[in-house]
K.L.:
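What follows is a single structure, and I will ask about it in a moment.
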Amino acid sequence: AKAMGRGCYAFFDVELDQRNHRLMQIKHGLRQALARDEMHLVYQPEINLQTGQVFGFEVLMRWHSDELGWVSPAEFIPVAEESDSIADLTRWMLIKACRELLPRLETGMQMAVNISPRQFGGDRWLALIRQCIDEEGLDPTRLCIEITEGALIRDMDQAVVQLSELRKLGVSVAIDDFGTGYSSLSYLKRLPIDYLKIDRTFVADIEQDQDDQAIIRAIINLADSLGISVIAEGVESEAQLDFLKSLDCDIAQGYFFAHPQAIDKIKC
Ligand code: C2E
Ligand code: CA
Ligand code: CA
Ligand code: CA
């Protein structure tokens, strides 16, 4: 039993070592990724369910590393947040999206970008947005910032200041992954928020799961009474779409409409 115990430890150590090694490789690789031109942007349309027209595009990062191959943002963004590479990546992403996406958007379409919760505390990203307005011809009313609930709740007073600043500029704000984080909804009243993005885990089983139906219905009613629009994420089937339409959901996004695609593949 003793030998087995020791063996178990050795087994876990190997797994832990492998994971740490991978994280180190990602951390190291990220430092050179921009200089080596390994980062790309893809764009996924959001569809206005009333008109069927494209409402806007979400900007998503892709990394093809020389050493590691394709690395998902779900894996590298958290590492970038820990190591401060996130500030450089966000700067690159926003400027690049201004240059390649904005000229292709039709009147009224918006560009939605993700801001990491870790960055939200600082004010560099606000300066970056101002820079894009001044130097990249960004019309602020076309920009939507996506941020998760956690970042807002951690320091509510700061969030009020920063979001009001965005509001003054004309930039709109979406709460990303809505429904996954917090039970307190009082912040919705205090903060200037334009959109709630319903997390795709609620959409996935919408046809079978009555709890998920109830949650989505509740979110849509709540948003409606607060004057906030709802965007459903992760719509993969026509049945899901029909259900969302029947609940008067405003906007939807997902593989059913289009996968995130490179700039030369998108259809406006
Ligand atoms: P997110 O902001 O919730 O982005 C939506 C994710 O859902 C994207 O994954 C998208 O490709 C995926 N998706 C879209 N439609 C469907 C669908 O119908 N079914 C399924 N199963 N998935 C769908 P992606 O591109 O892998 O990004 C993962 C996460 O990485 C994002 O989640 C976001 O949190 C983060 N991320 C990506 N790009 C950036 C960025 O430029 N900056 C920051 N800070 N985070 C980013
Ligand atoms: Ca997002
Ligand atoms: Ca999301
Ligand atoms: Ca469920």
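Atoms within a ligand are numbered from 1 in the order they appear, just like the ligands themselves. Position 1 is the first residue of the sequence, and the numbers go up from there.
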K.L.:
Closer than 3.0 Å to the Ca ion (ligand 2), which protein N, O or S atoms?
P.N.:
E58 OE2, N114 OD1, E146 OE1, D176 OD2
K.L.:
Just to be sure I'm reading this right: ignoring hydrogens, which of F76, W63, Y255, W92 gets closest to atom 18 (O) of ligand 1? Compare them by their nearest heavy atoms.
P.N.:
Y255
K.L.:
Between Q119 and W125, is there a side-chain donor-acceptor contact under 3.5 Å, judged purely by atom types and distance?
P.N.:
no
K.L.:
Show the nearest heavy-atom pair for residues R217 and L247, with the distance to one decimal.
P.N.:
NE-CD2, 3.4 Å
K.L.:
Considering only non-hydrogen protein atoms, determine which one is nearest to atom 1 (P) of ligand 1 and report residue, atom name and distance to 0.1 Å.
P.N.:
D176 OD2, 4.1 Å
K.L.:
Report yes if some N/O of R62 lies less than 3.5 Å from some N/O of ligand 1; otherwise report no.
P.N.:
yes
K.L.:
Can you tell me which residue and heavy atom of the protein come closest to atom 21 (N) of ligand 1, and the distance to 0.1 Å?
P.N.:
E236 OE2, 3.1 Å
K.L.:
Could you name each residue pair satisfying ring-ring contact (aromatic ring centres under 6.0 Å, His included) that touches residues 195-225, not counting sequence neighbours?
P.N.:
F55-Y195
K.L.:
Give the numbers and elements of all ligand 1 atoms closer than 4.0 Å to a heavy atom of Q44.
P.N.:
14 (C), 15 (N)
K.L.:
Is a side-chain donor or acceptor of D205 paired with a backbone partner of Q208 at a separation under 3.5 angstrom?
P.N.:
no
K.L.:
Report, in ascending order of atom number, the atoms of ligand 1 lying under 4.0 Å from any heavy atom of R200.
P.N.:
6 (C), 7 (O), 12 (C), 20 (C), 21 (N), 22 (N)
K.L.:
When you check the side-chain N and O atoms of S116 and E81, is any donor under 3.5 Å from an acceptor?
P.N.:
yes
K.L.:
Please could you name the atoms of ligand 1 that E58 approaches to less than 4.0 Å, counting only its heavy atoms?
P.N.:
2 (O), 4 (O)
K.L.:
Just wondering, are more than 12 heavy atoms of other shown residues or ligands nearer than 6.0 Å to CD in Q50?
P.N.:
no
K.L.:
Is there any N or O on P260 that sits under 3.5 Å from an N or O of ligand 1?
P.N.:
no
K.L.:
Can you confirm whether something in the protein, heavy atoms only, sits under 4.0 Å from atom 9 (O) of ligand 1?
P.N.:
no
K.L.:
Could you check atom 43 (C) of ligand 1 against the protein and tell me its nearest heavy-atom contact, residue, atom and distance included?
P.N.:
N114 CB, 3.6 Å
K.L.:
Please determine which of N48, L101, V54 meets the side-chain contact (heavy atoms from CB on, under 4.5 Å) test together with M109.
P.N.:
V54
K.L.:
Quick one: does ligand 1 sit under 4.0 Å from the side chain of K197, the backbone, both or neither, non-hydrogen atoms only?
P.N.:
neither
K.L.:
For ligand 1, is any non-hydrogen atom under 4.0 Å from V235's backbone (N, CA, C, O), its side chain (CB onward), both, or neither?
P.N.:
backbone
K.L.:
Considering only NZ, NE, NH1 and NH2 on the basic side and carboxylate oxygens on the acidic side, decide whether R118 and E82 come within less than 4.0 Å.
P.N.:
yes
K.L.:
Can you list the residues that meet the side chain to side chain contact (heavy atoms under 4.5 Å, CB included) rule with D242, with sequence neighbours excluded?
P.N.:
E238
K.L.:
Could you tell me, atom by atom, which parts of ligand 1 come under 4.0 Å of a heavy atom of S116?
P.N.:
44 (N)
K.L.:
Between R167 and D194, is there a salt bridge with N-O shorter than 4.0 Å?
P.N.:
yes
K.L.:
Students should be able to answer this: which protein heavy-atom is nearest to atom 40 (C) of ligand 1, and at what distance?
P.N.:
M61 CE, 3.5 Å
K.L.:
Any Lys/Arg nitrogen of E236 or R200 sitting under 4.0 Å from an Asp/Glu carboxylate oxygen of the other?
P.N.:
no
K.L.:
Should D123 and R130 count as an ion pair when the cut-off is N to O under 4.0 Å?
P.N.:
no
K.L.:
Do Y187 and L222 share a hydrophobic cluster, counting only Ile, Leu, Val, Met, Phe, Trp and Tyr and linking them when any side-chain heavy atoms are less than 4.5 Å apart?
P.N.:
yes
K.L.:
Identify every side-chain donor-acceptor pair in residues 251-262 under 3.5 Å, counting partners at least two apart or on other chains, and give the distances.
P.N.:
| from | atom 1 | to | atom 2 | distance (Å) |
| --- | --- | --- | --- | --- |
| Q253 | OE1 | K197 | NZ | 2.8 |
| Q253 | NE2 | Q44 | OE1 | 3.0 |
| Q253 | NE2 | E58 | OE1 | 2.8 |

K.L.:
Would you confirm whether any non-hydrogen atom of the protein falls under 4.0 Å from atom 34 (O) of ligand 1?
P.N.:
no
K.L.:
Which pair of non-hydrogen atoms, one from C249 and one from A232, has the smallest distance, and what is that distance?
P.N.:
SG-CB, 3.9 Å
K.L.:
Using a 4.0 Å heavy-atom threshold (strictly under), name the region of M93 that reaches ligand 1: side chain, backbone, both or neither.
P.N.:
side chain
K.L.:
Step through the shown structure and confirm whether more than 12 heavy atoms of other residues, nucleotides or ligands are within 6.0 Å of CE on M156.
P.N.:
yes
K.L.:
Counting from 1, what ligand 1 atoms have a heavy atom of E233 closer than 4.0 Å?
P.N.:
3 (O)
K.L.:
Among all protein heavy atoms, pick out the one at the shortest distance from atom 31 (C) of ligand 1; state its residue, atom name and that distance to 0.1 Å.
P.N.:
L60 CD2, 4.4 Å
K.L.:
Near D177, which atoms of ligand 1 are under 4.0 Å from a heavy atom of that residue?
P.N.:
3 (O)
K.L.:
For atom 27 (O) of ligand 1, grab the closest protein heavy atom and report residue, atom and distance to one decimal in Å.
P.N.:
P73 CG, 3.4 Å
